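Have a look at the structure below before the remarks.
These numbers come from the heavy atoms of this one structure, side chains and all, not from hydrogens, waters or symmetry mates. As the structure is a prediction and not an experimental result, all values here were calculated from the model.
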Amino acid sequence: MVREWDPRNASSAEIASLLDTLNAVLAADLPQDPPWRESSLREYLSEVMPGERRISWIAQAEPAEDGTPGLLLGHVNVLLLGGIGVLEVLVHPAARRTGLGRELVRVSARRVWDEGFQSIGVEVVGDTPAVAFYESLGFAREYVETRSVLDLNAVDWPALAEMATGVGAGYHLEFCPGGPPDELIEAYARAKAEVRDVDDGELRPSSYDPERLRDSLTTLHRRGMKPYIVLALHEQTGEVAGLTEVVVPAQHPTRADQYDTIVVRDHRGYGIDRAIKARMLLELRSAEPELVEVQTWNAQANEAMLKVNAELGYRPDREWCEYGVDVAELVHRLDPPR
Ligand SMILES: CC(C)(COP(=O)(O)OP(=O)(O)OC[C@H]1O[C@@H](n2cnc3c(N)ncnc32)[C@H](O)[C@@H]1OP(=O)(O)O)[C@@H](O)C(=O)NCCC(=O)NCCS
């Protein structure tokens with residue numbers, strides 16, 4: 001029932017069926033999250049950074065007698081990057097607790113092993129069945145973040161406009177829809193590299209050199225995800241002193257994702273974090289009229305950033321955890337040698 005599946009040449013009916021299953025999963029596990037749309041979903045599932053590969057499988061029920069394709073019961077994909085395989089597993093709520101999730105992990109873990117990778121990581125949302133599922137398979141919790149959500153309808157816009165101008169003398173802010181301008185790519189990459197945030201989890205690696213940064217912007221665009229950036233520029237040196245990145249995905253354009261926010265060490269204490277995030281929200285309000293929420297992920301230890309987010313109106317929502325497992329152990333557990 002489980003078969004390898006390539007979204008690049010899948011039928012439109014299969015893509016639509018996957019979307020239905022994804023939305024059934026969201027409705028069951030994260031009912032406050034907006035449902036996904038089909039827009040650029042194929043590209044979202046297919047496009048990867050250079051040097052990375054994503055392999056997918058689906059499980060589909062038998063077709064009906066009149067030939068109507070069967071319900072897409074489950075989906076798994078694994079992204080092979082660096083030395084790790086990053087797993088995403090979905091089982092339709094109507095097909096849960098029948099062993100399908102375990103079977104999808106078995107098939108994909110076997111491939112990760114065959115490809116010579118040593119570990120598997122997965123993002124697990126707190127307070128969902130996935131926690132007990134991955135723990136039952138021997139995955140261990142390696143890192144925890146808090147997801148927070150900002151409701152734009154509850155924002156105090158005049159206060160926000162004030163925050164956006166509250167940056168120290170000697171800096172100015174620049175809004176860059178689509179990504180940093182080419183002449184600033186190197187300075188941008190330097191800012192990201194300097195603050196290689198120890199709090200960053202492993203599953204969402206940032207881009208630290210100009211070439212990788214360009215690749216990651218191209219990949220985002222191809223996947224239907226529109227990046228917006230606000231920069232704080234240090235006027236004296238022309239250096240990027242701070243940056244904040246938000247992505248509006250075509251698949252759920254009412255809820256944007258806040259990616260990295262970085263203030264370079266020498267430029268901390270001048271109100272840059274608060275100002276760039278406030279400016280971003282003001283700009284998004286006119287650039288993306290459909291947008292109603294922004295979500296962000298922070299390490300629980302990152303108190304300074306959590307404080308600014310609370311001032312902006314972000315409310316903590318869920319724990320977002322990274323789990324990991326040794327591939328050999330997982331394969332041995334799920335596919336013991338006979
Ligand atoms: C996690 C998930 C893949 C599990 O799929 P599944 O097919 O129900 O899992 P299985 O039937 O293979 O379960 C294997 C084991 O996991 C554990 N498990 C799974 N669901 C569980 C639950 N709700 N409570 C407790 N244990 C659970 C059990 O030990 C189970 O074995 P058992 O049924 O013999 O007791 C499925 O719930 C899912 O798709 N969740 C959404 C995942 C996701 O990524 N969501 C992203 C947006 S929220």
Side-chain angles (χ1 to χ4, degrees), residues 30 32-34 125-126 143-177 188 191-192 194-195 197-201 204 206 227-235 240-248 252-320:
L30 288 172
Q32 310 297 327
D33 279 38
V125 184
Y143 189 78
V144 186
E145 288 185 315
T146 302
R147 181 177 76 167
S148 304
V149 180
L150 174 68
D151 174 1
L152 295 183
N153 291 316
V155 164
D156 179 347
W157 292 102
L160 207 76
E162 190 119 326
M163 285 184 202
T165 56
V167 63
Y171 297 96
H172 78 265
L173 307 191
E174 212 162 291
F175 174 58
C176 313
Y188 192 89
K192 292 195 82 148
E194 198 217 90
V195 194
D197 196 346
V198 286
D199 292 332
D200 271 1
R204 268 183 258 133
S206 300
Y228 289 94
I229 284 159
V230 172
L231 297 177
L233 293 168
H234 184 229
E235 287 163 359
V240 169
L243 59 96
T244 188
E245 309 168 327
V246 167
V247 167
V248 180
H252 52 89
T254 60
R255 185 185 282 199
D257 298 326
Q258 166 85 58
Y259 282 25
D260 281 352
T261 297
I262 286 169
V263 179
V264 174
R265 217 158 269 118
D266 286 350
H267 302 285
R268 294 193 183 159
Y270 298 100
I272 292 177
D273 181 12
R274 185 180 287 109
I276 54 182
K277 283 183 175 161
R279 171 72 180 272
M280 174 65 89
L281 295 172
L282 290 163
E283 295 285 358
L284 287 174
R285 200 182 180 201
S286 40
E288 292 285 340
E290 261 200 283
L291 193 64
V292 284
E293 291 169 315
V294 182
Q295 58 187 356
T296 188
W297 292 262
N298 290 105
Q300 282 156 347
N302 198 341
E303 282 173 29
M305 206 166 267
L306 288 173
K307 183 167 169 279
V308 169
N309 286 350
E311 279 173 35
L312 293 165
Y314 280 92
R315 297 282 164 263
D317 171 49
R318 296 263 181 163
E319 277 193 342
W320 221 263

Would Glu303 and Lys307 satisfy salt bridge (Lys or Arg N to Asp or Glu O under 4.0 Å), going step by step from the backbone distance to the final call? CA-CA 6 Å; Glu303 282 173 29; Lys307 183 167 169 279; over 6 Å; no
Side chain to side chain contact (heavy atoms under 4.5 Å, CB included) between Asp317 and Gln295, intermediate numbers included: CA-CA 9 Å; Asp317 171 49; Gln295 58 187 356; 5.8 Å; no
Would Asp33 and Arg318 satisfy salt bridge (Lys or Arg N to Asp or Glu O under 4.0 Å), going step by step from the backbone distance to the final call? CA-CA 11 Å; Asp33 279 38; Arg318 296 263 181 163; over 6 Å; no
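A heavy-atom distance below 4.5 Å is not found between the side chains of Tyr314 and Leu306. Under the 4.5 Å side-chain criterion, counting only non-hydrogen atoms from C-beta, Ile229 is not in contact with Tyr259. No side-chain heavy atom of His252 sits less than 4.5 Å from a side-chain heavy atom of Glu293. Contact annotation: the side chain of Val240 never approaches that of Val264 to less than 4.5 Å [non-hydrogen atoms, C-beta and beyond]. By the 4.5 Å heavy-atom criterion applied to side chains, Leu281 and Leu150 are counted as neighbours.
Listed by chain and residue number, nothing satisfies the salt bridge (charged side-chain N to carboxylate O under 4.0 Å, His left out) test with Asp257 (two or more places apart in sequence, or in another chain).
Just one residue in the list Thr296, Asn298, Thr146 forms a side-chain hydrogen bond (donor to acceptor under 3.5 Å, both in side chains) with Asn309, and that residue is Asn298. Partner Thr244 forms a side-chain contact (heavy atoms from CB on, under 4.5 Å) with one of Val263, Ile276, Ile272 and no other, that one being Ile276.
In this structure, Ile262 CD1 and Arg268 CZ are separated by 9.0 Å, a value rounded to the nearest 0.5 Å. Distance check, rounded to the nearest 0.5 Å: CG of Leu231 to OH of Tyr188 gives 6.5 Å. Summarising the geometry, atom CG belonging to Leu243 is positioned 9.5 Å from atom CE belonging to Met280; distances are rounded to the nearest 0.5 Å.
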Side-chain donor-acceptor pairs under 3.5 Å in residues 162-171, sequence neighbours left out?
{"residue": "Thr165", "atom": "OG1", "partner": "Glu162", "partner atom": "O", "Å": "2.8"}
{"residue": "Tyr171", "atom": "OH", "partner": "His267", "partner atom": "ND1", "Å": "2.7"}

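Thr254 and Pro34 get closest at one heavy-atom pair: OG1-CB, 3.6 Å. The nearest pair of heavy atoms linking Met305 to Thr261 is CE-O, 3.4 Å. The two residues Val155 and Leu312 come nearest to each other via the heavy atoms CG2-O, 4.3 Å. Across Pro253 and Leu291, no two heavy atoms sit closer than the pair O-CD1, 3.5 Å. Nearest heavy-atom pair, Val149 versus Arg147, reported as atom, atom and distance to 0.1 Å: CG2-NE, 4.3 Å. Considering all non-hydrogen atoms of both residues, Val247 and Pro227 come closest at CG2-CA, 4.1 Å.
Note on residues 279-291: pairs passing salt bridge (charged side-chain N to carboxylate O under 4.0 Å, His left out), not counting sequence neighbours, are Arg37-Glu290, Lys226-Glu288, Arg279-Glu283.
Under a 3.5 Å cut-off, the side chain of Glu145 and the backbone N or O of Trp320 do not form any donor-acceptor pair.
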